[in-house]
Amino acid sequence: MNREIVKSFIKMLLPALAAITAIICAIYGFGWFSMSHQVAASGKNIHTKDVGVLEIRELPDGIDISAETVEGIEYRLPINKKLTKLCPTASGNFTFYVYDSSSEAQIPYSFLFRLSVENDRTCENEGFYPNTDAEERELAKQYINSHLLFFKEYDEEAKRYKGWMKSGELMRCTAEENPKEITVYWVWVDQYKQIFEENSVLIDEETRKSIASYYETNPELILADGAGNAEDYNVADTLIGMTIKDVCFLIDVVKD
């Protein structure tokens, strides 16, 4: 489907969809996305001696839950088990542990990791709604990785997020202990102004500036046609909701 046709179609449906979504969210707490209740780590607990130096664990003394990849290891984590639905405004956090299982492990050590939001390929239609085409699916994955944001901290008193972790970007971490605990806070930002206007009630101002600066340079990643306005932010949100049904977090870890 031509991208301009998709955009025009969504804009026509947006008011009605917004009203429907508001009703659904009011009744069920969260709308749009069904959550996956399965950990999609194909190859779980299978790794080679060469690659399997680093492990990903759910608990400090737990078993390795990672799956081997060409570059390192990965883990597909289902969305917060307390949620039954996922939509804009949803938030949560998760913790995982990186463990160096080498017999010659030395502390401190460093590793690289990255986070992203993915369609859950273990679900029907690989986590997409049927009758959605390849272009819509790629755009929806692109938009959700810009609308659902990851952070290092959450200030309980100020109720604001700090320390943005860009989706898909490798981040270096130094482990002073083994295993290394990593907690990630996430939130689906539902309003354009919370990112692009000063004094957001959701995100620490310095953090917000860094996010806004990045997306002002790369607007096509977050806005439906790359224009700087709230309508195109909402159109992108709507395309996500019409395309992706089941999602999970993908965690990649590789030895530095």
Side-chain angles (χ1 to χ4, degrees), residues 35-83 90-122 145 148-158 160-188 203-204 206-207 210-211 214 247-256:
M35 141 190 177
S36 168
H37 292 275
Q38 299 182 12
V39 176
S42 57
K44 182 177 176 182
N45 299 328
I46 299 174
H47 56 270
T48 68
K49 291 293 183 182
D50 292 332
V51 176
V53 174
L54 292 182
E55 298 179 358
I56 302 177
R57 298 176 170 184
E58 282 187 294
L59 299 172
D61 57 352
I63 62 171
D64 181 15
I65 55 174
S66 62
E68 178 185 342
T69 69
V70 174
E71 295 182 339
I73 54 177
E74 73 174 28
Y75 174 48
R76 290 180 175 270
L77 179 71
I79 293 298
N80 190 331
K81 294 183 176 66
K82 295 180 181 180
L83 300 180
S91 63
N93 64 78
F94 57 87
T95 298
F96 63 95
Y97 299 84
V98 176
Y99 177 69
D100 187 342
S101 61
S102 169
S103 60
E104 300 178 354
Q106 296 183 359
I107 308 300
Y109 65 92
S110 64
F111 59 90
L112 302 171
F113 75 98
R114 64 185 163 203
L115 309 164
S116 61
V117 190
E118 295 284 329
N119 56 297
D120 193 336
R121 295 196 296 268
T122 67
N145 275 284
L148 192 156
L149 301 179
F150 297 112
F151 297 91
K152 297 177 182 177
E153 301 176 49
Y154 179 67
D155 186 329
E156 288 283 355
E157 185 175 349
R160 290 183 179 178
Y161 294 90
K162 299 176 64 175
W164 179 45
M165 294 187 284
K166 189 191 305 178
S167 179
E169 181 175 73
L170 282 170
M171 294 165 281
R172 180 170 282 101
C173 184
T174 299
E176 301 289 347
E177 65 280 334
N178 197 27
K180 171 65 175 178
E181 177 181 311
I182 298 178
T183 297
V184 177
Y185 299 89
W186 62 269
V187 59
W188 187 333
I203 303 170
D204 168 77
E206 288 303 309
T207 301
S210 65
I211 299 171
Y214 175 75
V247 298
C248 60
F249 296 133
L250 180 63
I251 305 166
D252 288 295
V253 177
V254 63
K255 194 69 179 286
D256 194 1

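Values reported hereafter were calculated over all heavy atoms of this structure, with side chains retained and with hydrogens, waters and symmetry mates removed.
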In a table with atom names and distances, give each donor-acceptor pair under 3.5 Å that connects a side chain of residues 165-175 to protein atoms at least two apart or in another chain.
from, atom 1, to, atom 2, distance (Å)
K166, NZ, E169, OE2, 3.3
S167, OG, L115, O, 3.4
S167, OG, N145, OD1, 2.4
R172, NE, D256, OD2, 2.5
R172, NH2, D256, OD1, 3.4

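- Between F94 and Y185, the gap from one ring centroid to the other reaches at least 6.0 Å.
- Contact between E181 and T95 at its shortest, heavy atoms only, is CG-CG2, 3.6 Å.
- By the neighbour-count criterion of 12 heavy atoms within 6.0 Å, atom CD of E177 is densely surrounded, having more than that number from other residues, nucleotides or ligands.
- In this structure, L54 and Y99 have side chains that are not in contact, with every pair of non-hydrogen atoms separated by 4.5 Å or more.
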Please test V117 against F150 for side-chain contact (heavy atoms from CB on, under 4.5 Å), starting from the C-alpha separation and ending with a verdict.
CA-CA 10 Å; V117 190; F150 297 112; 3.9 Å; yes
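- In this structure, CD in E118 is found 12.0 Å from CD1 in I251, a value given to the nearest 0.5 Å.
- P179 and P60 get closest at one heavy-atom pair: CG-O, 3.5 Å.
- Side-chain N or O atoms of N119 include none that pairs as donor or acceptor with a backbone N or O of R121 at under 3.5 Å.
- Proximity of a side-chain donor or acceptor of N93 to a complementary backbone N or O of V184 within less than 3.5 Å is not detected.
- No donor-acceptor pair under 3.5 Å is formed between the side chain of S66 and the backbone N or O of E55.
- Counting heavy atoms from C-beta outward, W164 and S210 have side chains that approach closer than 4.5 Å.
- Taking 4.0 Å as the cut-off between side-chain N and carboxylate O, D100 and K255 count as a salt-bridged pair.
- Y161 is linked by a ring-ring contact (aromatic ring centres under 6.0 Å, His included) to F151, Y154, counting only residues two or more places apart in sequence or in another chain.
- Contacts of R160 classified as salt bridge (Lys or Arg N to Asp or Glu O under 4.0 Å), with partners at least two apart in sequence or in another chain: none.
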Take N178 and Y109, measure what side-chain hydrogen bond (donor to acceptor under 3.5 Å, both in side chains) needs, and give me the verdict at the end.
CA-CA 9 Å; N178 197 27; Y109 65 92; 3.0 Å; yes
Which is it for D204 and D155 under the side-chain contact (heavy atoms from CB on, under 4.5 Å) test, yes or no, and what are the steps along the way?
CA-CA 9 Å; D204 168 77; D155 186 329; over 6 Å; no
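- Side-chain atoms of I211 and I203, non-hydrogen and from C-beta on, do get closer than 4.5 Å to each other.
- With hydrogens and angles ignored, the 3.5 Å screen pairs a side-chain donor or acceptor of R57 with a backbone N or O of G62.
- L250 places a side-chain heavy atom less than 4.5 Å from the side chain of S116.
- Contact annotation: the side chain of F113 never approaches that of D252 to less than 4.5 Å [non-hydrogen atoms, C-beta and beyond].
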